[in-house]
Amino acid sequence: MRWTQTFIPTMKENPADAEIPSHQLMLRAGLIRQLMAGAYTYLPLGLKSLKKVEAIIREEMNAAGGIEIFMPALQPIDLFERTGRKDAFGNVLMNFHVRRGDRTLHVALGPTHEEVVTDLVARHISSYRQLPLTLYQIQTKFRNEERPRFGVLRTSEFIMKDAYSFSTNLEQLDAVYQQMYHAYCRIFARCGLNYLPVEAESGPIGGDASHEFMVPADNGEDRIMYCKSSGYAANLERADTGRKPPQIETSKEAKPLEKVATPNATSIEQVSRMLKITPQQMIKTLIYLVDGKPVAVLLRGDHEANEAKIRRALKASQVALADGVTIEEVTGAPTGFAGPVGIRCPIIADHDVPVIANAVSGANEVDAHLTGVNVGRDYQVTTTHDLRNATPGDPCPKSGAPMEEVQGIEVGHVFKLGTKYTESLDANFLDQNETRHPIIMGCYGIGVTRVLAALAETSHDENGLSWPLSVAPYEVLLIPLNVDDAELMKVANSYYDELKDNGVDVLMDDRDQRPGFKFKDADLIGIPLRVVIGGKGLQEGKIEYKWRTDSAPQKTAVDTGVETILGLLDERRKVEASRVPG
RNA sequence: CGGGACGUAGCUCAGCUUGGCUAGAGCGUCUGGUUUGGGACCAGAAGGCCGCAGGUUCAAAUCCUGUCGUCCCGACCA
């Protein structure tokens with residue numbers, strides 16, 4: 001492609017609306033333009049990369065046994081009512097009424113396609129002989145995000161690869177899951193991403209049933225606990241704190257229980273400042289409604305509650321923070337003064353709570369806290385649980401070494417679903433014994449547009465983007481330095497033609513601009529290999545090439561330049577391929 | 001949904017506090033000329049419902065009210 005024949009609107013300055021590097025650079029390099037919050041146009045450069053990512057995904061999905069289909073974004077709302085996800089999605093599900101003749105249809109724009117694909121399978125699969133089956137598509141998804149942000153990282157309309165596996169038993173499901181997991185590793189490696197598979201919340205099947213693929217990045221929205229020595233990595237929601245139940249006994253240094261006045265101090269921070277103590281000395285008492293009944297959850301003052309863990313510990317189905325009225329009922333005080341001593345509801349404590357000697361907690365009385373709170377004497381717990389988010393320094397559940405927290409961008413998710421959808425949508429099969437069972441599902445998603453953003457976010461320098469060869473919009477950027485020089489253009493054009501004839505994806509900057517201008521744009525859009533044809537070089541029979549990641553260009557003979565470039569590209573492709581797991 | 005910031009030329013921004021000439025600059029665009037290896041220079045030109053609506057005032061980009069939009073923090077995110 002010739003630059004003057006396409007549409008690459010680069011920008012010299014950072015748009016005011018963009019804050020993080022990927023958003024700024026994708027705008028400046030002319031990959032995307034915003035239409036409204038959470039909706040972006042992909043310009044030629046962005047679209048080319050997107051298509052290359054899609055091609056890689058297709059190759060790997062096909063190799064892993066996936067069958068491509070294409071389902072409608074437009075879906076009847078009753079499918080979501082049957083699976084209960086109309087309510088589960090709530091406002092995130094875009095849905096509306098349309099008139100059709102004298103009828104009114106209630107439709108949704110698909111946020112994902114479990115319902116549609118399961119309905120399809122329910123209608124056409126009925127025998128174990130037809131299974132296993134894995135269907136996938138690459139398609140636009142719609143989610144009414146409460147807060148779209150960070151450019152293309154979180155949008156209300158985005159491209160996703162979603163795959164769904166259908167199996168007769170858990171062994172089959174495990175096999176597909178492993179295949180998909182492996183395919184995902186290959187996809188992200190081929191895209192040149194530095195990725196980390198992390199354990200995620202696993203839902204009904206439990207165990208090792210869900211992994212998210214994260215790209216470590218400071219601006220990532222997800223928090224991951226990571227252990228360098230064991231390789232253990234888990235979503236913050238999921239990560240084990242590695243703590244064990246402590247011995248529960250009253251401290252030998254127990255001081256007397258005392259009530260202190262703490263007017264208007266309702267937060268851990270305010271109380272610790274007022275009493276000149278650290279949050280670690282405090283007991284945080286959170287009142288939850290667990291399946292409708294109040295329960296006091298005790299945590300160390302500096303820790304965060306984890307509702308999924310609380311739900312599991314209590315074997316409950318619903319857990320939510322209690323309202324002010326309930327809190328007054330069980331504590332006898334407004335929100336902010338709850339404590340375990342004398343509270344009128346069951347207590348459940350985190351492992352780290354009973355070991356706090358002479359703790360400070362709310363007094364269950366307005367404007368008052370207690371000091372010298374000790375387990376056994378002042379409040380009773382018989383056992384403890386892991387009820388909180390892990391924090392940096394917590395021991396790794398595998399190695400015991402301190403874990404660290406890293407931020408990440410979620411680019412993929414593999415998940416063993418089980419029979420949630422097949423049961424509600426009647427997707428059954430008959431086994432060898434003519435017995436009917438619900439089909440066992442798995443689902444596997446990749447945020448295709450997010451892969452692009454993650455690459456931009458993690459692969460750039462102060463001058464612009466830097467693409468891997470595999471997904472770069474173009475592999476080679478050919479720069480003739482003076483388009484008015486007929487001799488020079490003759491060489492440039494023959495390079496352009498020959499490279500194209502050899503299957504190289506080449507962009508020629510044929511704009512009538514000064515060299516410096518072109519070099520700046522070259523760095524900004526980040527094409528991996530830059531080839532410069534200039535008057536000075538031609539005089540000595542040389543052309544110049546430079547990898548985007550190199551600092552200085554190298555020279556090679558004009559006559560053999562094309563072969564040199566082809567060789568360089570081959571070599572680089574091999575290097576990139578060597579990073580892909582086999 | 002709670003909190004904060006912003007909205008003036010295609011882009012980045014000044015002007016608003018303390019209302020008052022024809023609303024400015026740099027970059028970009030167009031024309032002519034000089035240039036040509038890291039975002040050139042000179043001369044000229046085009047380009048604005050100052051987000052929108054209402055109000056106060058002799059007079060509003062500027063003050064007030066409302067509204068829409070965008071961004072950031074938080075909540076939310078099968």
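Each chain gets a letter, A, B and so on, in the order the sequences are listed, and its residues count up from 1.
At a threshold of 4.0 angstrom between heavy atoms, the contacts of N482(A) with the nucleic acid are absent. Residue-level contact check: E221(A) touches neither bases nor backbone, having no heavy atom under 4.0 Å from any strand. At a threshold of 4.0 angstrom between heavy atoms, the contacts of F80(A) with the nucleic acid are absent. The residue R33(A) sits apart from the nucleic acid: no heavy atom pair falls under 4.0 Å. Here G537(A) lies in heavy-atom contact (under 4.0 Å) with a base.
Separating the CE atom of M160(A) from the C1' atom of A78(B) is a distance of 10 Å, rounded to the nearest angstrom. One atom, CG of D17(A), and another, P of A5(B), lie 17 Å apart when rounded to the nearest Å. Remark: P of G32(B) and CG of D512(A) are 13 Å apart, rounded to the nearest angstrom. E410(A) has its CD atom 12 Å from the C1' atom of A78(B), to the nearest Å. Here U36(B) presents its C1' atom at 14 Å from CG of D509(A), a figure rounded to the nearest Å. E114(A) places its CD atom 11 Å from the P atom of A78(B), with the value rounded to the nearest Å. In this structure, R511(A) places its CZ atom 15 Å from C1' of U36(B), rounding to the nearest Å. Between L27(A) atom CG and U70(B) atom P there is a gap of 15 Å when expressed in whole angstrom units.
Spacing between G47(B) and C72(B) at atom P, rounded to whole Å, works out to 35 Å. Here the separation of A14(B) from C41(B), taken at their P atoms, is 24 Å to the nearest Å. G32(B) and U70(B): their C1' atoms are spaced 40 Å apart (whole Å). Nucleotides G2(B) and A75(B), compared at atom C1', are 8 Å apart to the nearest Å. Spacing of C1' atoms, A60(B) relative to U65(B), comes out at 15 Å, to the nearest Å. Spacing between G28(B) and U12(B) at atom C1', rounded to whole Å, works out to 11 Å. Comparing the same atom, C1', in C30(B) and in U22(B) gives a spacing of 24 Å after rounding to whole Å. The C1' atoms of A9(B) and G15(B) are separated by 15 Å, rounded to the nearest whole Å.
Contact annotation: side chain of D521(A) to base of G39(B), donor-acceptor pair present below 3.5 Å. Contact annotation: side chain of Q513(A) to base of G39(B), donor-acceptor pair absent below 3.5 Å.
Here the nucleotide nearest the side chain of R530(A), chosen from G37(B), G38(B), C73(B), is G38(B). Among the nucleotides U36(B), G38(B), G39(B), the one closest to the side chain of D523(A) is G38(B). Listed nucleotides: U70(B), G37(B), G39(B). Nearest to the side chain of K12(A): G39(B). Counting only heavy atoms from C-beta on, L524(A) has its side chain closest to G39(B) among G39(B), C76(B), C71(B). Across A75(B), U70(B), G38(B), the shortest atom-to-atom separation from the side chain of R149(A) is found for A75(B). Of the candidates C73(B), C71(B), C1(B), C71(B) carries the atom nearest the Q34(A) side chain, counting heavy atoms from C-beta on. With U36(B), U70(B), C72(B) as the choices, the nucleotide that has an atom nearest any side-chain atom of M36(A) turns out to be U70(B). Between C71(B), U29(B), G38(B), one nucleotide has an atom nearer to the side chain of A37(A) than all others, and that is C71(B). Listed nucleotides: C71(B), U29(B), G38(B). Nearest to the side chain of K520(A): G38(B).
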Candidate pair Q554(A) and T556(A), rule side chain to side chain donor-acceptor pair (under 3.5 Å), full reasoning: CA-CA 7 Å; Q554(A) 289 178 279; T556(A) 189; over 6 Å; no
F166(A) vs Y421(A), ring-ring contact (aromatic ring centres under 6.0 Å, His included): CA-CA, chis, key distance, verdict: CA-CA 11 Å; F166(A) 299 88; Y421(A) 297 97; over 10 Å; no
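Q139(A) and D162(A) are not linked by any side-chain donor-acceptor pair at a separation below 3.5 angstrom, with hydrogens and angles left out of the test. There is a side-chain donor-acceptor pair under 3.5 Å between S210(A) and H413(A). Neither side chain, E457(A) nor H23(A), offers a donor N or O lying under 3.5 Å from an acceptor on the other.
For F415(A) and Y444(A), the ring centers are positioned 6.0 Å apart or more.
Taking a pair as Watson-Crick or G-U with both hydrogen-bonding distances under 3.5 Å, the stems of three or more pairs touching RNA chain B are B:1-7 with B:68-74, B:10-13 with B:24-27, B:29-34 with B:40-45, B:51-55 with B:63-67.
Taking the centre and axis of the six-membered ring of F519(A), the NZ or CZ atom of R530(A) falls inside the cone set by 45° and 6.0 Å. Under the 6.0 Å distance and 45° angle rule, K416(A) counts as a cation-pi partner of Y177(A).
Note: F213(A) and F188(A) have tilted aromatic rings, judged against thresholds of 30 and 60 degrees for the angle between ring planes.
Remark: L387(A) CG to I310(A) CD1 distance equals 5.5 Å, nearest 0.5 Å.
OP1 or OP2 of A40(B) has at least one side-chain nitrogen or oxygen of R514(A) nearer than 4.0 Å. For the pair R147(A) and G2(B), the criterion of a side-chain N or O lying under 4.0 Å from OP1 or OP2 is not met.
Remark: the backbone N or O of N91(A) is paired with a side-chain donor or acceptor of N144(A) at under 3.5 angstrom. A donor-acceptor contact shorter than 3.5 Å links the side chain of Q407(A) to the backbone of G220(A).
A salt bridge does not link E307(A) to R311(A): none of the charged side-chain nitrogens sits closer than 4.0 Å to a carboxylate oxygen.
Sequence order on RNA chain B of the closest nucleotides to T112(A) and I533(A) puts I533(A) first from the 5' end. In terms of position on RNA chain B, the residue among T10(A) and P111(A) whose nearest nucleotide sits closer to the 5' end is T10(A).
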Nucleotide N/O to protein N/O under 3.5 Å, stretch nucleotides 7-11 of chain B:
none

